[in-house]
Visitor: 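This structure is in structure tokens; I'll ask about it shortly.
For the numbers below, each heavy atom of this structure counts, side chains included, while hydrogens, waters and symmetry mates do not.
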Amino acid sequence: MANVCWPYFDPEYENLSTRINPPRVSVDNTSCSDSTLVKVDSMNKPGILLEVVQVLTDLDLIITKAYISSDGGWFMDVFHVTDQQGKKITDNKTINYIEKALGPKSQEEVTTWADKRVGVHSVGGHTAIELIGKDRPGLLSEISAVLANLHFNVVAAEVWTHNRRIACVVYVNDDTTSRAVADPTRLSIMEDQLKNILRGCENDEAGRTSFSMGFTHVDRRLHQMLFADRDYEGGIGATEVDYPPSLKPKITVERCEDKGYSVVTVRCKDRAKLMFDIVCTLTDMQYVVFHATVSSDGPHASQEYYIRHMDGCVLDTEGEKERVIKCLEAAIRRRVSEVSKLFTLQFPAGAGLSLELCAKDRVGLLSEVTRILRENGLSVSRAGVMTIGEQATNVFYVRDASGNPVDTKIIEALRKEIGHTMMLNVKKTPASSREPEARGWAKTSFFFGNLLERFLA
């Protein structure tokens, strides 16, 4: 019987174009007087725009302008960026990180930098828990208590609420070994107890819990979870705050007949990570961005995207257009906690309230803090938890359980109750200008900005 000779295929063939034409990245501090220009030229590939925007926003950089073009198989974009104080990027370590993360790199470098973008690996092995369900006062406290009782240590977490839904990603490890929890029996017990909590009362639909030994970009995952939960559809009583016209995003979808694109235009109040949230949503909805322009005019942002579906089709039906508009509006609002909106509307000066707590890490710390907040009648609408070494930092956006601004007497009671064990900092974030708002939650985005600062140090 004759031997059959199969044709040889180079396993690196798919990367041949990239090796021949590697990405070119430049960080330019001379061409513009008030911002740093980050220029990226490379072969086009699915998701490349989101990848670039993700790297910049993970560094807590503010994108003030952007010009995107990816027709003809080549991707060219220019970003005008500043730091949180509105200054150019002059730190050499940050510049080197941008060049390595977006430029040509070996497979080893890809893995290393990808891990650092998520950052959770800095605290060792972990198990990721994803939770989504109907929100209610005290829910985060109940979740934290379950984890503490089962001897799981929370090393990092981020919580978003929108339209009375809650999405939460929690990273835990065993409180004795500090390793990821792989025991299926322990995980099953935890899953059952968390599902019971998310189910709430008998008439509520059951929440969902999932486990993972790996990780994904946390902000993107939270968007995906709420999108899959159809939070953009809202429902009766879903919106907790009546938005005045000045705060409501203006989103339109039109047809560009000459070039065969759908044009999505977004005009809204500017804030940190706005472009990431929009590009992330378009990408996960299977739309490809071919051209885009982004600009900021004072406190307002204007963004325009020329898109097609991955199958090459444009948005022809009114139903498709309406769905894109609803999903983008939800994506813009998710990161801005409901409490921030509430305080913006009710405080004469326009302010949001956040509590920042720092303490030596210990098992049950998150459970204790959330219990104290609940016992003082406070409801958490957004939260982030980070552990670096022995230091734990928790940030909570809170409101009165009935939706009213928090009374100063409650804050003083909190100071007295927890002052002997941890530091408490209370912030009212001005909402009247773009710069202070950008310094608010973005500066305490634990997984990326602050962790990257430690990686680059």
Visitor: At their closest point, which heavy atom of Phe79 faces which heavy atom of Ile68, and how far apart are they?
Guide: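 Nearest pair, atom of Phe79 first, then Ile68: CZ-CD1, 3.7 Å.
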Visitor: Quick one: does Leu222's side chain get under 4.5 Å of Arg334's, heavy atoms only?
Guide: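 No, their side chains stay 4.5 Å or more apart.
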Visitor: Run the numbers on Leu315 and Ile307 for side-chain contact (heavy atoms from CB on, under 4.5 Å), then give the verdict.
Guide: CA-CA 9 Å; Leu315 284 73; Ile307 67 171; 4.0 Å; yes
Visitor: Side-chain contact, heavy-atom cut-off 4.5 Å: Thr393 with Glu356?
Guide: no
Visitor: Nearest 0.5 angstrom please: Met310 CE to Thr283 OG1, how far?
Guide: 9.5 Å
Visitor: Thr293 and Tyr305: side-chain contact (heavy atoms from CB on, under 4.5 Å), yes or no, with the steps?
Guide: CA-CA 7 Å; Thr293 57; Tyr305 299 89; over 6 Å; no
Visitor: Would you call Asp231-Arg165 a salt bridge at under 4.0 Å N-O?
Guide: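 Salt bridge absent between Asp231 and Arg165.
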Visitor: Quick one: closest heavy-atom pair of Ala101 and Val55, and the distance?
Guide: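 Heavy atoms of Ala101 and Val55 come nearest at CB-CG1, 4.0 Å.
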Visitor: Do His309 and Gln286 come within less than 4.5 Å of each other through their side chains, counting heavy atoms only?
Guide: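 Of all side-chain heavy-atom pairs linking Gln286 with His309, at least one is under 4.5 Å.
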Visitor: Would you name the heavy atoms of Lys360 and Leu365 that are closest together and state the gap between them?
Guide: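 Nearest heavy atoms, Lys360 then Leu365: O-CD2, 4.0 Å.
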Visitor: Tyr171 and side-chain contact (heavy atoms from CB on, under 4.5 Å): which partner among Ile129, Val385, Val218?
Guide: Val218
Visitor: Using atom types as modelled and distance alone, determine if a side-chain donor or acceptor of Arg220 lies under 3.5 Å from a backbone N or O of Asp284.
Guide: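 Judged by distance alone, no pair lies under 3.5 Å.
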Visitor: Return the minimal non-hydrogen interatomic distance between Ala148 and Gly364, and the atom names on each side.
Guide: CB-CA, 3.9 Å
Visitor: Between Tyr287 and Val324, is there a side-chain heavy-atom distance shorter than 4.5 Å?
Guide: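 Yes. Closest side-chain heavy atoms under 4.5 Å.
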Visitor: At what distance, to the nearest 0.5 angstrom, does CZ of Phe290 lie from CG of Asn44?
Guide: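 Atom-to-atom, Phe290:CZ and Asn44:CG are 8.0 Å apart.
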Visitor: Measure the shortest side-chain to side-chain distance between Ile63 and Gln303 over non-hydrogen atoms and say whether it is less than 4.5 angstrom.
Guide: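 Result no, sub-4.5 Å side-chain heavy-atom pair not found.
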Visitor: Give, for atom NE2 of His223 and atom CZ of Arg335, the distance between the pair rounded to the nearest 0.5 Å.
Guide: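 Spacing of NE2 (His223) from CZ (Arg335) equals 5.0 Å.
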Visitor: With distance as the sole test, does Ser70 use its side chain to make a donor-acceptor pair with the main-chain N or O of Val289 at under 3.5 Å?
Guide: yes
Visitor: State whether the side chain of Asp83 and the backbone N or O of Gln85 hold a donor-acceptor pair below 3.5 Å, judged by distance alone.
Guide: yes
Visitor: Ignoring hydrogens and angles, tell me if any N or O in the side chain of Asp229 forms a donor-acceptor pair with the backbone of Met225 under 3.5 Å.
Guide: no
Visitor: Distance from Cys280 atom SG to Gln224 atom CD, nearest 0.5 Å?
Guide: 6.5 Å
Visitor: Does atom NZ of Lys321 have more than 12 heavy-atom neighbours, drawn from other residues, nucleotides or ligands, at distances under 6.0 Å?
Guide: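 Atom NZ in Lys321 is packed in, count exceeds 12.
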Visitor: Applying the salt bridge (Lys or Arg N to Asp or Glu O under 4.0 Å) criterion to Glu142, which one of Arg136, Arg371, Arg199 satisfies it?
Guide: Arg136
Visitor: Do you see a donor-acceptor pair shorter than 3.5 Å between the side chains of Thr161 and Asp135?
Guide: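 Judged by distance alone, the side chains do not pair up.
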Visitor: With sequence neighbours excluded, what pairs up with Cys327 under the side chain to side chain contact (heavy atoms under 4.5 Å, CB included) test?
Guide: Phe227, Tyr232, Thr281, Met285, Arg323
Visitor: With distance as the sole test, does Thr370 use its side chain to make a donor-acceptor pair with the main-chain N or O of Leu366 at under 3.5 Å?
Guide: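 Such a contact is found between Thr370 side chain and Leu366 backbone.
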Visitor: Over all heavy atoms of both residues, which pair between Asn173 and Arg179 is shortest? Give the atoms and the distance, please.
Guide: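 In this case the closest contact between Asn173 and Arg179 is CB-O, 3.2 Å.
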Visitor: Of all the heavy-atom pairs spanning Ile189 and Leu150, show the shortest one and how long it is.
Guide: CG2-CD2, 4.1 Å
Visitor: Assess whether side-chain contact (heavy atoms from CB on, under 4.5 Å) is satisfied between Leu282 and Leu50, documenting all intermediate values.
Guide: CA-CA 9 Å; Leu282 291 173; Leu50 178 59; over 6 Å; no
Visitor: Between CE of Met275 and CG of Asp270, what distance do you get to the nearest 0.5 Å?
Guide: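 Reported to 0.5 Å precision, the distance equals 12.0 Å.
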Visitor: CG/Leu194 to CG/Leu147 distance, rounded to the nearest 0.5 angstrom?
Guide: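 So the CG of Leu194 and the CG of Leu147 are separated by 5.5 Å.
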Visitor: Sequence neighbours left out, what passes salt bridge (charged side-chain N to carboxylate O under 4.0 Å, His left out) with Glu320? Give chain and number order.
Guide: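 Counting only residues at least two positions away or on another chain, Glu320 forms no salt bridge (charged side-chain N to carboxylate O under 4.0 Å, His left out).
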Visitor: Is any side-chain heavy atom of Phe396 less than 4.5 Å from a side-chain heavy atom of Val159?
Guide: no
Visitor: Taking atom CZ of Arg308 as the centre, does the number of heavy atoms from other residues, nucleotides or ligands within less than 6.0 Å exceed 12?
Guide: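 Yes, the 6.0 Å shell around CZ holds more than 12 heavy atoms from other groups.
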Visitor: Describe, in one word, how the ring planes of His217 and Phe276 are oriented to each other, choosing from parallel (under 30°), tilted (30 to 60°) and perpendicular (over 60°).
Guide: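 It falls in the tilted class, 30° to 60°.
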Visitor: Just jot down the ring-ring contact (aromatic ring centres under 6.0 Å, His included) partners of His151, sequence neighbours excluded, or say none.
Guide: none
Visitor: Find out whether Asp219 and Thr57 are in side-chain contact, i.e. whether some heavy atom of one side chain is under 4.5 Å from a heavy atom of the other.
Guide: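 They are not in contact (no side-chain heavy atoms under 4.5 Å apart), so the answer is no.
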Visitor: For the residue pair Ile332 and Ile251, establish whether any side-chain heavy-atom pair is separated by less than 4.5 Å.
Guide: yes
Visitor: Verify side-chain contact (heavy atoms from CB on, under 4.5 Å) between Leu355 and Leu373, making sure each step is shown before the conclusion.
Guide: CA-CA 10 Å; Leu355 305 179; Leu373 294 177; 3.7 Å; yes
Visitor: When you measure from the side chain of Gln84 to the backbone N and O of Asp60, does any donor-acceptor pair fall under 3.5 Å?
Guide: yes
